[in-house]
Amino acid sequence: MSAQLTVHRSGEPVVVAVGTTAAELFADDRDVVVARVNGELRDLSRVLAEGDEVEGVLISSEDGLAVLRHSTAHVMAQAVQQHFPEARLGIGPPIRDGFYFDFDVERPFTPEDLKTVEKTMQRIVKEAQRFERRVVTDDEARAEMADEPYKLELIGLKSSAGDAADGADAEVGAGELTIYDNVRRDGTVAFKDLCRGPHLPTTRLSGNGYSLLRSAAAYWRGSEKNPQLQRIYGTAWPTKDELKAYQERVAEAERRDHRRLGTELDLFSFPDEIGSGLVVFHPKGGVVKREMEDYVRRRHIEEGFDYVGTPHISKGGLFETSGHLPYYEDTMFPAMELENSKYYLKAMNCPMHNLIFRSRGRSYRELPLRFFEFGSVYRYEKSGVVHGLTRVRGLTQDDSHSYVTTEQAPAEIRHLLDFVLGLLRDFGLDDYYLELSTRGDSEKFIGSDEEWAQATAVLEEAALGTGLELRPDPGGAAFYGPKISVQARDAIGRTWQMSTIQYDFNQPARFGLEYTSADGSKQQPVMIHSAKFGSIERFFGVLTEHYAGAFPPWLAPIQVVGIPVADAHVDHLQAVAAKLKARGIRVEVDAADDRMPKKIRTWTKQKVPFLLIAGEEDAAHGAVSFRLRDGSQDNGIPVDEAVERIVDAVQRRVQV
RNA sequence: GCCCCGAUAGCUCAGUGGUAGAGCACUUCCUUGGUAAGGAAGAGGUCUCGAGUUCGAACCUCGAUCGGGGCUCCA
């Protein structure tokens, strides 16, 4: 009789007894929480079979963290049902940095409820309940989950779980159905849930670092046609230190929140009187915005764009022609009726640029023809989505449209890509990847398959040519054509969609755009849409968070503040300030009655890049003393040298 | 748009069915001080708006507006 079999542990053959579990194989490594058996994640309790390829999955690995978070979600669900026996279970998948679980409850959870649930979770963790996997038939699952209507729905869906809402496949895989029991040490079952798994060996491993974050409503299976469930979000980490580090990251993100900094630094505000999602820039924010715009306008002109201007409002027929109105009427501000016409605030600039193209005959000699403007558009975003500067109802796009021949399109797209990446770099964003948004199944996409395939191929080739990472985004295209977008990572690792480049074969046809080619025939140009920042407002918000309000000198609202040690030194600093002003530097001298340390505190909090301090010593030697935002000092610098140093930092657009 | 939460001084926030509070900021005065808060006095609020309940509402109810967290959406 053969009581032994051979498996491969991380590729190495190992002879083990029949009935050996993965847990036993990895008994020497306590950080292994789940096993990968023949490529599939399995519970450690899995009994190994002859020839299995087995790898230990560490709790700190991406898969390990997902399992930890999923299991922690189960712990939370058990705690919730303990306090709210009527709570029906939705789904509870792991997500980035944590997990959530949806519940159908009679009343929404309160912050106090979360505290109670969190405490109960501690008890469950301490009980070290085992996660036990059990295969069931559909009928058995239906019987056991008779009180869980949402689970029953999932059972019905399991064959198409791949198409189900995000997270549903964590509950039911495409194969056999399983139920996980949470078993106490005395053998009693504390909780069970229909779940694909795998799970941690016991609840104890969740205990090192979890925290419930917030509760919110979420539509069942992600559709607003479905009832809303109450979702609780939590975070979970292998160690307390990692939990703390996560909480610190969240706190840092809050400190950088552009809405907070916008108030603290007096950059912009959203007056109630104007309306939701409509921003006003204050003088200091106006400086940053103007510097951004001036630079971007100059760069566009250098890159061969013509600066144009168009109105904010138009008759509806224009947007009928472009095809926008049928698709997006409900996200446009409602029409104004006047002189028997319907006028709309524009939600996009391209139709107006098309009219400029069409205003006279065009020759192939003019192509590529590139129109650019800061075009203000208005979009009636749903009330629940308006958010700071990143999602507004009135925004200004740095929008351009390149009209090219089909042959010129690849080079133009490459040109645009290089241009936008260079621009982003100039603003201090130098870590990005690209996304290729393509046609989906939806009805909204217009144009033939061939056109889409060709346009997508052109974009893809240009994107690959940059050598940057390219991620697919199926179904993410605009209705009229595919797009490349640049996703930039900011100083704390978050990504933002910035620039977009779209290949459009539809609008030239809809507008009847044409140029005369070398052989005298009329040809239809291809149109390439491109926004570099997306919107000025949004980019302003992203930059504010990226720099945590400490803008590089060329963007800083106030670049230099002179701080006298005493009143007697004000004149000396005024003279320095005059020299700086003559060089175009934004400088102030703080002659107020405060003591010097107070002034340093005030202007440091305002994140002014250069503080120039002068007292007896500096004044006597025709010098100033630098104090930078990090607290470092550079004393006794001759005035002319100080001026050059500041001018140089501004001109080179460096951060200090 | 949907669910939940919120709105008190310029900002951050206490507060309670019966006279409106703090810190910072602001103004004035004293202080002339070398690297993140010197001292004193003062001014500042229709407690978001509208209706209702009440002898009485900033507080309780309803609605609106704006904001926050999510969901859905994002040309």
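Both backbone and side-chain heavy atoms feed into the values below; hydrogens, waters and symmetry mates do not.
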Exercise. To the side chain of A:Gln502, which of B:G34, B:A75, B:U35 is closest?
Worked result: B:A75

For this session: Would you mind checking if A:Arg391 and A:Glu381 are paired as a salt bridge, meaning a charged N to carboxylate O distance below 4.0 Å?
Result: yes

Problem set entry | Heavy-atom donor-acceptor pair, A:Arg629 side-chain to B:A36 base, under 3.5 Å | no

Exercise. Are there more than 12 heavy atoms of other residues, nucleotides or ligands under 6.0 Å from atom NE2 of A:His621?
Worked result: no

Problem set entry | By ring pair (Phe, Tyr, Trp, His ring centres under 6.0 Å) - contacts of A:Phe533 (at least two apart) | A:Phe427, A:Phe539

Problem set entry | Rounded distance in Å - CZ (A:Arg231) to P (B:C71) | 6 Å

Exercise. What's the CZ-C1' distance between A:Arg96 and B:G70, to the nearest Å?
Worked result: 17 Å

Exercise. Can A:Arg69 be said to sit on top of A:Phe99's aromatic six-ring, NZ or CZ under 6.0 Å from centre and within 45° of the ring axis?
Worked result: no

Exercise. Is any side-chain N of the basic residue among A:Arg255 and A:Glu248 closer than 4.0 Å to the acidic one's carboxylate O?
Worked result: yes

Exercise. Going by an N to O cut-off under 4.0 Å, is there a salt bridge joining A:Arg221 and A:Glu153?
Worked result: yes

Exercise. Is A:Arg645 salt-bridged to A:Asp634, cutoff N-O under 4.0 Å?
Worked result: yes

At a cut-off of 3.5 Å, list every protein nitrogen or oxygen paired with a nitrogen or oxygen from nucleotides 45-49 of chain B, distance to 0.1 Å.
none

Exercise. Are the ring centres of A:Phe109 and A:Phe103 closer than 6.0 Å?
Worked result: yes

Exercise. Between A:Glu435 and A:Lys483, is the closest basic N to carboxylate O distance under 4.0 Å?
Worked result: no

Seminar exercise, completed: Reading nucleotides 23-33 of chain B from 5' to 3' and marking B where a protein heavy atom lies under 4.0 Å of the base, S where only the sugar-phosphate is that close, and - otherwise, the string is --S----BBBB

Exercise. Once you round it to whole Å, what is the distance between C1' of B:G69 and CD of A:Glu254?
Worked result: 11 Å

Seminar exercise, completed: Considering only heavy side-chain atoms of A:Arg259, the closest of B:C73, B:G68, B:C66 is B:G68

For this session: Using a 4.0 Å cut-off on protein heavy atoms (strictly under), produce a 5'-to-3' string for nucleotides 1-14 of chain B with B for base contact, S for backbone-only sugar-phosphate contact, and - for none.
Result: BBBS------S---

Problem set entry | Dot-bracket encoding per residue of RNA chain B, Watson-Crick/G-U cut-off under 3.5 Å, | denoting interstrand | (((((((..((((....[..)))).(((((.......))))).....(((((..]....))))))))))))....

Problem set entry | Within residues 322-333 of chain A, residues whose heavy atoms come under 4.0 Å of RNA chain B | A:His324, A:Tyr328, A:Thr331

Problem set entry | Over 12 foreign heavy atoms within 6.0 Å of NZ, A:Lys342 | no

Exercise. Can we say A:Asp113 and A:Arg107 salt-bridge, meaning some charged N sits less than 4.0 Å from an Asp/Glu carboxylate O?
Worked result: yes

Problem set entry | Out of B:C66, B:C71, B:A36, whichever nucleotide has its closest atom nearest the side chain of A:Tyr233 | B:C71

Exercise. Is the closest basic N to carboxylate O distance between A:Lys532 and A:Asp398 below 4.0 Å?
Worked result: no

Exercise. Does CD belonging to A:Glu106 count more than 12 external heavy atoms closer than 6.0 Å?
Worked result: no

